[in-house]
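First comes the structure, then the notes that go with it.
Convention: sequence-line order gives letters A, B, ...; per-chain numbering from 1.
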There are 2 protein chains.
Amino acid sequence: MIKCHLSRVLGERKLKISDVARDTGINRGTLTRMYHETLVRIDLETISRLCEYLSISVGELLEYQKSENNL
Amino acid sequence: MIKCHLSRVLGERKLKISDVARDTGINRGTLTRMYHETLVRIDLETISRLCEYLSISVGELLEYQKSENNL
DNA sequence: TAAAAATGATCTTCTGTAGAGCAAATTAGG
DNA sequence: CCTAATTTGCTCTACAGAAGATCATTTTTA
């Protein structure tokens, strides 16, 4: 599975979802889904803007984790 | 922008798009778009299967590059 | 040289993000 | 406290693009 670290990054920096939405133009609903990891599909443009805005790499935002449970 | 390194990885390993499609179950059209970097949106499940199959991290597959030209 | 496999392109279907709106919850002031 | 403003979660519609299938062309292989 793919783990999204948006909540951790925002928490560390004390940023709110609404801050990111306002500053990046990314839809707040999309950010909410990423935050709660209910996201299924994502625009590369969204990943790009988040990496730019947060100054992180794709790997710091999205991480592959071998799933023990499912599959 | 987000750079997709699928073509490089497949090239290095001499893997064909059809190999990956067959082995991972990922739609061949989607892999073709990734290969030619015309992909716009992607399922996290697709990223997950590619990382699993190719034994690479998300960061090795997708890389953020500060765009000099556009934006 | 012929058969098989791989690839690129196109079309339809269907899922999910984008975008907007609303209500509840949290925060900030007075 | 009480109220106003901000943030957040949820829902709905519209649109975009991946999934899946098909076909023609190119490449591979036997």
Side-chain angles (χ1 to χ4, degrees), chain A residues 1-67 69-71, chain B residues 1-67 69-71:
Chain A
M1 62 164 294
I2 298 296
K3 173 83 179 169
C4 178
H5 295 295
L6 183 63
S7 62
R8 176 161 60 74
V9 175
L10 295 195
E12 285 170 354
R13 306 185 187 189
K14 300 180 178 56
L15 286 170
K16 297 171 184 172
I17 289 177
S18 53
D19 293 328
V20 183
R22 186 187 313 109
D23 297 342
T24 63
I26 298 171
N27 183 273
R28 189 168 63 80
T30 301
L31 289 170
T32 299
R33 281 188 287 273
M34 291 186 75
Y35 191 93
H36 293 286
E37 302 194 62
T38 55
L39 195 78
V40 174
R41 194 183 292 176
I42 189 169
D43 279 25
L44 296 190
E45 177 64 28
T46 297
I47 299 177
S48 183
R49 288 195 200 172
L50 276 177
C51 289
E52 161 83 54
Y53 178 68
L54 298 170
S55 301
I56 58 178
S57 68
V58 179
E60 291 172 279
L61 181 64
L62 301 175
E63 185 190 5
Y64 169 67
Q65 293 183 337
K66 211 169 181 64
S67 50
N69 37 341
N70 60 327
L71 270 184
Chain B
M1 62 164 295
I2 297 296
K3 173 83 179 168
C4 178
H5 295 295
L6 182 63
S7 62
R8 176 161 60 74
V9 175
L10 295 195
E12 286 169 353
R13 306 185 188 191
K14 300 180 178 55
L15 285 171
K16 296 171 186 173
I17 289 177
S18 54
D19 293 329
V20 183
R22 186 187 313 109
D23 296 343
T24 63
I26 298 171
N27 183 274
R28 189 168 63 82
T30 301
L31 290 170
T32 298
R33 280 188 289 272
M34 291 186 74
Y35 190 93
H36 293 286
E37 303 193 62
T38 54
L39 196 79
V40 174
R41 196 181 291 175
I42 189 170
D43 279 26
L44 296 191
E45 176 64 27
T46 297
I47 300 177
S48 184
R49 287 194 201 172
L50 276 177
C51 289
E52 161 83 53
Y53 178 67
L54 299 170
S55 300
I56 58 179
S57 68
V58 179
E60 290 172 282
L61 182 64
L62 300 174
E63 184 189 5
Y64 169 67
Q65 293 183 338
K66 210 168 181 65
S67 49
N69 38 341
N70 61 327
L71 267 183

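- Taking atom CG of A:Asn27 as the reference point, atom C1' of C:dT17 lies 7 Å away to the nearest angstrom.
- In this structure the side chain of B:Asp19 never reaches within 4.5 angstrom of the side chain of B:Leu10, judged on heavy atoms.
- A heavy atom lying under 4.0 Å from DNA chain D marks none of the residues of residues 51-65 of chain B.
- For B:Glu37, the side-chain hydrogen bond (donor to acceptor under 3.5 Å, both in side chains) test picks out B:Lys3, with sequence neighbours left out.
- Atom-to-atom, CD of B:Glu45 to P of C:dG16 comes out at 12 Å; the value is rounded to the nearest Å.
- Separating the CG atom of A:Leu44 from the C1' atom of D:dG17 is a distance of 12 Å, rounded to the nearest angstrom.
- B:Ile26 comes within 4.0 angstrom of no nucleic acid atom, judged by non-hydrogen atoms across all strands.
- Between the CZ atom of B:Arg41 and the P atom of D:dA18 there is a distance of 7 Å, given to the nearest Å.
- Taking the side-chain hydrogen bond (donor to acceptor under 3.5 Å, both in side chains) definition, one finds that A:Gln65 meets it with nothing, sequence neighbours left out.
- Remark: B:Arg41 pairs with A:Asp43 by the side-chain hydrogen bond (donor to acceptor under 3.5 Å, both in side chains) rule, at least two apart or across chains.
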Identify each atom pair where a protein N or O and an N or O of nucleotides 5-12 of chain C are less than 3.5 Å apart, giving names and distance.
{"unit_1": "C:dA6", "atom_1": "OP1", "unit_2": "B:Arg22", "atom_2": "NH2", "d": "3.4"}
{"unit_1": "C:dA6", "atom_1": "OP2", "unit_2": "B:Arg22", "atom_2": "NH2", "d": "3.3"}
{"unit_1": "C:dA6", "atom_1": "O5'", "unit_2": "B:Ser18", "atom_2": "OG", "d": "3.3"}
{"unit_1": "C:dT7", "atom_1": "OP2", "unit_2": "B:Ser18", "atom_2": "N", "d": "3.0"}
{"unit_1": "C:dT7", "atom_1": "OP2", "unit_2": "B:Ser18", "atom_2": "OG", "d": "3.2"}
{"unit_1": "C:dG8", "atom_1": "OP1", "unit_2": "B:His36", "atom_2": "NE2", "d": "3.2"}
{"unit_1": "C:dG8", "atom_1": "OP2", "unit_2": "B:His36", "atom_2": "NE2", "d": "3.2"}
{"unit_1": "C:dG8", "atom_1": "N7", "unit_2": "B:Arg28", "atom_2": "NH1", "d": "3.3"}
{"unit_1": "C:dG8", "atom_1": "O6", "unit_2": "B:Arg28", "atom_2": "NH2", "d": "2.8"}

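- Considering only residues two or more places apart in sequence or on other chains, B:Arg33 meets the salt bridge (charged side-chain N to carboxylate O under 4.0 Å, His left out) condition with none of them.
- Shown here are the side-chain hydrogen bond (donor to acceptor under 3.5 Å, both in side chains) partners of B:Ser57, two or more places apart in sequence or in another chain: B:Glu60.
- Legend: residues meeting side-chain contact (heavy atoms from CB on, under 4.5 Å) with A:Ser18, ordered by chain and number and at least two apart, are A:Lys16, A:Arg22.
- Atom CD1 in B:Ile42 sits about 13 Å away from atom P in C:dT17, given to the nearest Å.
- Residues satisfying the side-chain contact (heavy atoms from CB on, under 4.5 Å) test with B:Arg13, not counting sequence neighbours, are B:Val9, B:Leu15, B:Leu54, B:Ile56.
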